[in-house]
A.B. asks: 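Below are the structure tokens for one structure; questions will follow.
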Amino acid sequence: MWGDISISFLLAFVTAFVITPYTIRLAKKVGAVDIPGDRRINKNPMPRLGGLAVICGFFISVLYLVISMTIEKKIDFHEDNLYLKLIGIFLGMFVLEVVCYVDDVKGIMPITKLIGQIIASLIVISFGVRISDLSIPFKENSIIINEVLSYIITLGWMVGITNAINLIDGLDGLSSGITLISCVSLLMVFTLNESPLIAIILITALAGSIVGFLPYNFNPAKTFIGDVGSNFMGFALSKIGRAHV
């Protein structure tokens, strides 16, 4: 297991680290640049598509490991419709990132971005990813949630966590640093409570891609992660954090 985790981290790290300079060039080319102003802390124009490198690192790492673990039969992706859930997650991410990319390049109304977040979350939910029970500290049995209430809670959770990470993205390395801390914490929890291997792989891939991006985002930053990155990190955390994908 630890070999897979190491590969997941390193592959995501290297990919994000190598691709980030290209996202800087792309941001300047398409006009996704943060211009200094009264409410901006940056003194110079700053490219803001760094999140694309995090996304690439995450997806390449996960795709490689899904293929390798399928060949080696370490995970049965047909069990509990795991392959359908992963497809739903990736489709939801794709829809959200298209909306956020447009926001970074041209700018959109907040309500439009919220609608995009809701649609992306509903796509994931429609593929079977939802919060079906709640665990209470010091209580042995979980509380099973009504199906309709389950959908509502899951939607609120996904949109809420996505916006929580997006809204704290105001300082160099802040949103990515906090997400990385969350990833490390979840990895420890997943390891201790014997969570499914796929959950550990996903959280490790996310952590690795963030570590690969952070050298370009620490003060003084060379690039911002942008809405495309902050929304992706929050959206990913909202699902992986359940440990059931």
A.B. asks: Enumerate donor-acceptor pairs with a distance under 3.5 Å from any side-chain N or O in residues 211-218 to protein atoms, sequence neighbours excluded.
C.D. replies:
unit_1: Tyr216; atom_1: OH; unit_2: Phe17; atom_2: O; d: 3.0
unit_1: Asn217; atom_1: OD1; unit_2: Gly173; atom_2: N; d: 2.9
unit_1: Asn217; atom_1: OD1; unit_2: Ser176; atom_2: OG; d: 3.2
unit_1: Asn217; atom_1: ND2; unit_2: Thr223; atom_2: O; d: 2.9

A.B. asks: Determine whether Leu52 and Leu49 make a side-chain contact, defined as any pair of heavy atoms from C-beta on separated by less than 4.5 Å.
C.D. replies: yes

A.B. asks: Do Lys239 and Met93 make a side-chain contact, defined as non-hydrogen atoms from C-beta onward lying under 4.5 Å apart?
C.D. replies: yes

A.B. asks: Considering non-hydrogen atoms only, spot the tightest contact between Phe235 and Ser121 and give its length.
C.D. replies: CE1-OG, 3.5 Å

A.B. asks: Mind listing the closest non-hydrogen atom pair of Leu237 and Ser182 along with its distance?
C.D. replies: CD1-CB, 4.0 Å

A.B. asks: Establish whether Val54 and Ile181 are linked, either directly or via other cluster members, by ILVMFWY side-chain heavy-atom contacts under 4.5 Å.
C.D. replies: no

A.B. asks: Is the side chain of Arg48 donor-acceptor paired with the backbone N or O of Asp227 at a distance under 3.5 Å, no angle test?
C.D. replies: no

A.B. asks: State, yes or no, whether a side-chain contact exists between Ile225 and Met233 at a heavy-atom distance under 4.5 Å.
C.D. replies: yes

A.B. asks: Same cluster or not: Val124 versus Ile87, using hydrophobic residues (I, L, V, M, F, W, Y) connected whenever any side-chain heavy atoms lie under 4.5 Å apart?
C.D. replies: yes

A.B. asks: Quick one: CD1 on Ile55 to CD1 on Ile19, what's the gap to the nearest 0.5 Å?
C.D. replies: 10.5 Å

A.B. asks: Quick test of your reading: applying side chain to side chain donor-acceptor pair (under 3.5 Å), list the pairs with at least one residue in residues 57-66, sequence neighbours left out, ordered by first then second residue.
C.D. replies: Ser8-Ser61

A.B. asks: Ile108: what forms a side chain to side chain contact (heavy atoms under 4.5 Å, CB included) with it, not counting sequence neighbours?
C.D. replies: Val99, Val102, Asp103, Thr112, Lys113

A.B. asks: Minimum heavy-atom separation for Ala120 and Leu96, please, with both atom names.
C.D. replies: CB-CB, 3.9 Å

A.B. asks: Hey, could you give me the CG/CG distance between Leu206 and Leu187, rounded to the nearest 0.5 Å?
C.D. replies: 11.0 Å

A.B. asks: What closest approach, in Å, do Pro47 and Ala27 show between heavy atoms, and which atom pair accounts for it?
C.D. replies: CB-CB, 3.5 Å

A.B. asks: Are Leu91 and Phe127 packed together at the side-chain level, in the sense that at least one heavy-atom pair is separated by less than 4.5 angstrom?
C.D. replies: yes

A.B. asks: With respect to Thr204, which candidate in Val62, Ile7, Ile5 satisfies the side-chain contact (heavy atoms from CB on, under 4.5 Å) definition?
C.D. replies: Ile5

A.B. asks: Can you tell me how far apart CG (Leu65) and CG (Leu197) are? Round to the nearest 0.5 Å.
C.D. replies: 8.5 Å

A.B. asks: Atom CD in Gln117, atom SG in Cys100: separation rounded to 0.5 Å?
C.D. replies: 6.5 Å

A.B. asks: Please tell me whether Ile115 and Val228 are part of a single hydrophobic cluster in this structure, the criterion being side-chain heavy atoms less than 4.5 Å apart.
C.D. replies: yes

A.B. asks: Rounded to the nearest 0.5 Å, what's the gap from CD1 on Ile165 to OG on Ser238? Could you check?
C.D. replies: 10.0 Å

A.B. asks: Side-chain contact, heavy-atom cut-off 4.5 Å: Thr154 with Val129?
C.D. replies: no

A.B. asks: Report yes or no: do Met158 and Leu149 belong to one cluster of Ile/Leu/Val/Met/Phe/Trp/Tyr joined by side chain heavy-atom distances under 4.5 Å?
C.D. replies: yes

A.B. asks: Would you say that Ile240 contacts Phe190 through its side chain, given a criterion of any heavy-atom pair below 4.5 Å between the two side chains?
C.D. replies: yes

A.B. asks: Which atoms form the tightest heavy-atom contact between Ile210 and Cys183, and what is the distance?
C.D. replies: CD1-SG, 4.4 Å

A.B. asks: Check Asn146 against Val148 and note the closest heavy-atom contact, atom names and distance.
C.D. replies: OD1-N, 2.9 Å

A.B. asks: Answer with yes or no whether the side chains of Glu97 and Asn231 bring together a donor and an acceptor at under 3.5 Å.
C.D. replies: no

A.B. asks: Just say parallel, tilted or perpendicular for the rings of Phe58 and Phe232, cut-offs at 30° and 60°.
C.D. replies: perpendicular

A.B. asks: Same cluster for Trp157 and Leu114 if Ile/Leu/Val/Met/Phe/Trp/Tyr side chains link at under 4.5 Å?
C.D. replies: yes

A.B. asks: May I ask you to test the Ile201-Met69 pair for a side-chain heavy-atom distance under 4.5 Å?
C.D. replies: yes

A.B. asks: Could you measure the distance from the NZ atom of Lys29 to the OG1 atom of Thr23? Nearest 0.5 Å is fine.
C.D. replies: 14.0 Å

